[in-house]
Amino acid sequence: MTSWTTDERVTRILGSYPDKRSAVMPLLYVASKEYGYTTSDAMRDVAQLTGLTGAQVQSVASFYTMYKRHGVGTYLVSVCTSISCMLRGGDDVLAAIEDESDTPDGETSDGGLFSVEHVECIGACGGAPAVQVNYELVEGVEPDQARAMCRWLRDGRPDVVLGDEMQELFGGQRSFDWGPKETEGALLPLPAFEPYGTAGEGR
Amino acid sequence: MTAILTSRMVAYPSDSNTIDRYRATGGYEALRKALAMTPEAVHQEVKLSEIRGRGGAFFPAGVMWGFLAPTQPRYLVINGDESEPGTFKDRQLLERDPHQLVEGIIISAYALDCAKAFVYIRGEYPKPARRVQQAVEEAYAAGLLGDDILGSGFSLDVTVHLGGGAYICGEETALLNSLEGKRGEPRIKPPFPAVEGLYAKPTIVNNVETISNVPWIITNGGAAYSAIGPEGSRGSRMFSLSGHIRNPGNYEIVMGMTWRELIYDIGGGIPGDRDLKMWIPGGASAPWFTPERLDDLVTHDDVAAAGSMLGSGAVVVMDDTTCAVKAAHRIVRFFAHESCGQCTPCREGTSWLERMLWRIEHGSGREMDLDLLLDVSDNISPGLRWPPAMTTICPLGPSAVSPITSIMAHFKDEVASHVTEGRCPLDH
């Protein structure tokens, strides 16, 4: 095992549940942060921490779409094409992003900057069409704005992806008033949540 | 508009999520009041309120609490795995007023005698999870969580848990499996979670919106809550409006208005003054309504009598440019993608339906496909009636049938013309 497994954060996650098996999902996120995605080594580490077999961990990891079994680009761009976003032009946004990032749906660009995926409903239907970059949300994105966003990511390469910043630059109609601005965002193509060590302070 | 849940976020948009604002607006006073009552008395107020589960099942929460088996340990689990297409109400409650939820959790756990609660939030909601985590940490720091809360002798720990991207985990037993570190596959009921839930211990699973109402109910009394709204649909309810509508968004309303009022007065009608073709009254699982239902009432009972449901409160509006086949395909594709694969009728049936709709929409449909759509649907949900009969452990499979029965009941000619013309007649 590598050093991440003795991290204080891991101890805290294991201690948050009456049964350490419950820590599988949070630990898979932490392991993905360490290894880039849910590699065999990542799953082996999680199995040892939780007292499961590698096969048990793999059966869990393979059930959920957010545990990636292949390397993911620096920026994972998820485009909603479920019913409400489809009605508002989500398919056109997906096409624009595939074209501008030169990355077909479901693939990662040469050089590993972008991964593009169409996703099912991300709960942003009032701000359709909606896009997430590293799971940070942008609502009311028109195809031209989506293209501009890809160029901005390519040229600016932000270390921390901030939803509020992208919304201001490229978003439109929102599902609701977002309220106060956030300074926390995503460090990696993983959900930015401090207890998992995947959130970072941005500008 | 009655505002039970949304008054603080509307009045104080810049800091409604903080503990300081929450306390300055009466927050955590309901908890003090509850802790001075017996747990039974708190439960009684929730029962009196007649509040029904806001996740979609609409089961009376106070009644469900009464089913909790009298053994320890026991758990309270908050379902924040909001993933029903068209639904984004819990996201707003989590992001904008997380302390209202946390206070509701503490009061509910006190009534239920639980020492541990979990908030399961879908993985694609990192920002709502950050806000709830921050609220939980603020509550710990203020002595509102942890040991001996406000000197009452009652103790509670709360863990925020992120999902991994699976709609099925919104189903309560799938959620419990997921929280146990397993694949999110629904369990056969009975036993119900109140008897054998998390780690096979007694567990109450409630939706974010349901529990967010609890502080108001304790402050104002269950009777005050049940005085709002028509019988069977008490209190206010969050509705998510999306699709072809001028003012999309979440609206907290008292049930009992007409659909016309909801779509045209509150929602502002259809952009470009186009004609309304159909709408989904309660999330992607619900059979669709067409304009002859505009003057029906928006209540649980009226919608059920008309063969659909209010479900998760998601209203998806579609104008006359919308192809019924394309819309149905997009919804069935969702269920095919999200099927957990345990039950054959759902695993095989949803993807079969999806493929048939795709070829019809793209001009390759066969005449026999029209009957086959209904035949396959009937094998998932025998009789194609409402509420649906089930051949599966959970309602996901039958949910995929709703768009099929909707288009075949209301737009059969349109579906047929895709086949006879060999193309989508609405494709311009």
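Proteins come first, then strands; the chains are lettered A, B, ... in the order of their sequence lines, and each starts at number 1. Side chains are part of it too, since the values below use all heavy atoms of this structure and drop only hydrogens, waters and symmetry mates.
Side chain of B:His244 to backbone of A:Leu87: a donor-acceptor contact under 3.5 angstrom is found. For A:Tyr196 (side chain) and B:Leu162 (main-chain N/O), a donor-acceptor pair under 3.5 Å exists by modelled atom type. Put simply, the side chain of A:Ser16 never gets that close to the backbone of B:Thr159: no donor and acceptor are under 3.5 Å apart. One N or O on the side chain of A:Ser22 and one on the backbone of B:Leu179 form a donor-acceptor pair closer than 3.5 Å.
Between the CZ atom in B:Phe334 and the CE atom in A:Met86 there is a gap of 14.0 Å [rounded to 0.5 Å]. Distance check: B:Asn250 CG to A:Asp177 CG gives 12.0 Å after rounding to the nearest 0.5 Å. Summarising the geometry, atom CZ belonging to A:Phe176 is positioned 13.0 Å from atom OH belonging to B:Tyr251; distances are rounded to the nearest 0.5 Å. The OH atom of A:Tyr64 sits 4.0 Å away from the SG atom of B:Cys169 when rounded to the nearest 0.5 Å. For the atom pair CD of B:Glu124 and OH of A:Tyr135, the computed distance is 7.0 Å after rounding to the nearest 0.5 Å. Here the CD1 atom belonging to A:Ile122 is positioned 12.5 Å from the CZ atom belonging to B:Phe88, to the nearest 0.5 angstrom.
In summary, B:Arg91 and A:Glu139 engage in a salt bridge, as defined by a charged side-chain N under 4.0 Å from a carboxylate O. Between A:Asp91 and B:Arg330 there is a salt bridge, with a side-chain nitrogen of the basic residue lying less than 4.0 Å from a carboxylate oxygen of the acidic one. We find that A:Glu184 and B:Lys127 are not joined by a salt bridge, their nearest charged nitrogen and carboxylate oxygen being 4.0 Å or further apart.
Only the side chain of B:Phe118 comes within less than 4.5 Å of a heavy atom of chain A; its backbone N, CA, C and O stay farther away. Proximity to chain A involves both the backbone and the side chain of B:Arg333, based on heavy atoms less than 4.5 angstrom apart. Contact of A:Pro18 with chain B is made through backbone and side chain together, with heavy-atom distances under 4.5 Å. Looking at A:Ala192, the atoms closer than 4.5 Å to chain B (heavy atoms on both sides) sit in the backbone and in the side chain alike. Only the side chain of B:Glu95 comes within less than 4.5 Å of a heavy atom in chain A; its backbone stays farther off. For A:Leu137, the part sitting under 4.5 Å from any heavy atom of chain B is the side chain, from C-beta outward, and nothing else. Looking at B:Tyr167, neither its backbone nor its side chain comes within 4.5 Å of chain A, counting heavy atoms on both sides. With a 4.5 Å cut-off on non-hydrogen atoms, A:Gln56 does not touch chain B at all. Both the backbone and the side chain of A:Thr81 come within less than 4.5 Å of a heavy atom of chain B.
Considering all non-hydrogen atoms of both residues, B:Pro85 and A:Ile83 come closest at CB-CG2, 3.9 Å. Of all heavy-atom pairs between A:Ser62 and B:Arg183, the closest is OG-NH1, 3.5 Å. Across A:Pro191 and B:Gly123, no two heavy atoms sit closer than the pair CB-O, 3.5 Å. The two residues B:Gly181 and A:Val60 make their nearest non-hydrogen contact at O-CG2, 3.2 Å.
Side-chain contact between A:Met25 and B:Ser178 is present, with heavy atoms from C-beta onward closer than 4.5 Å. The shortest side-chain heavy-atom distance between A:Phe63 and B:Ile168 falls under the 4.5 Å cut-off. Under the 4.5 Å side-chain criterion, counting only non-hydrogen atoms from C-beta, A:Phe193 is in contact with B:Gln133. You'll find the side chain of A:Glu182 reaches within 4.5 Å of the side chain of B:Arg130, heavy atoms only.
Among the candidates B:Ala166, B:Ser240, B:Gly243, the residue making the largest number of heavy-atom pairs closer than 4.5 Å to chain A is B:Gly243. The choice from B:Arg131, B:Glu338, B:His329 that makes the most heavy-atom pairs within less than 4.5 Å of chain A is B:Arg131. Here B:Ala327 is the residue among B:Ala327, B:Ser83, B:Gly341 with the most heavy-atom pairs under 4.5 Å with chain A. Considering only heavy-atom pairs separated by less than 4.5 Å from chain A, the leading option among B:His161, B:Lys326, B:Met9 is B:His161. If you tally non-hydrogen atom pairs under 4.5 Å between each of B:Gly249, B:Ala284, B:Ser14 and chain A, the highest count goes to B:Ser14. Chain B forms the most heavy-atom pairs under 4.5 Å with one residue out of A:Ala23, A:Pro195, A:Ala128, and that residue is A:Pro195. The candidate with the highest count of non-hydrogen atom pairs below 4.5 Å against chain B, out of A:Cys125, A:Gly163, A:Cys121, is A:Cys125. Contact count against chain A (heavy-atom pairs under 4.5 Å) is highest for B:Val160 among B:Asp157, B:Val160, B:Asp15.
Shown here is B:His362, whose NE2 atom has more than 12 heavy atoms of other residues, nucleotides or ligands within 6.0 Å. Atom CD of A:Glu165 has more than 12 heavy atoms from other residues, nucleotides or ligands within 6.0 Å. Within 6.0 Å of CD on A:Glu201 lie more than 12 heavy atoms contributed by other residues, nucleotides or ligands.
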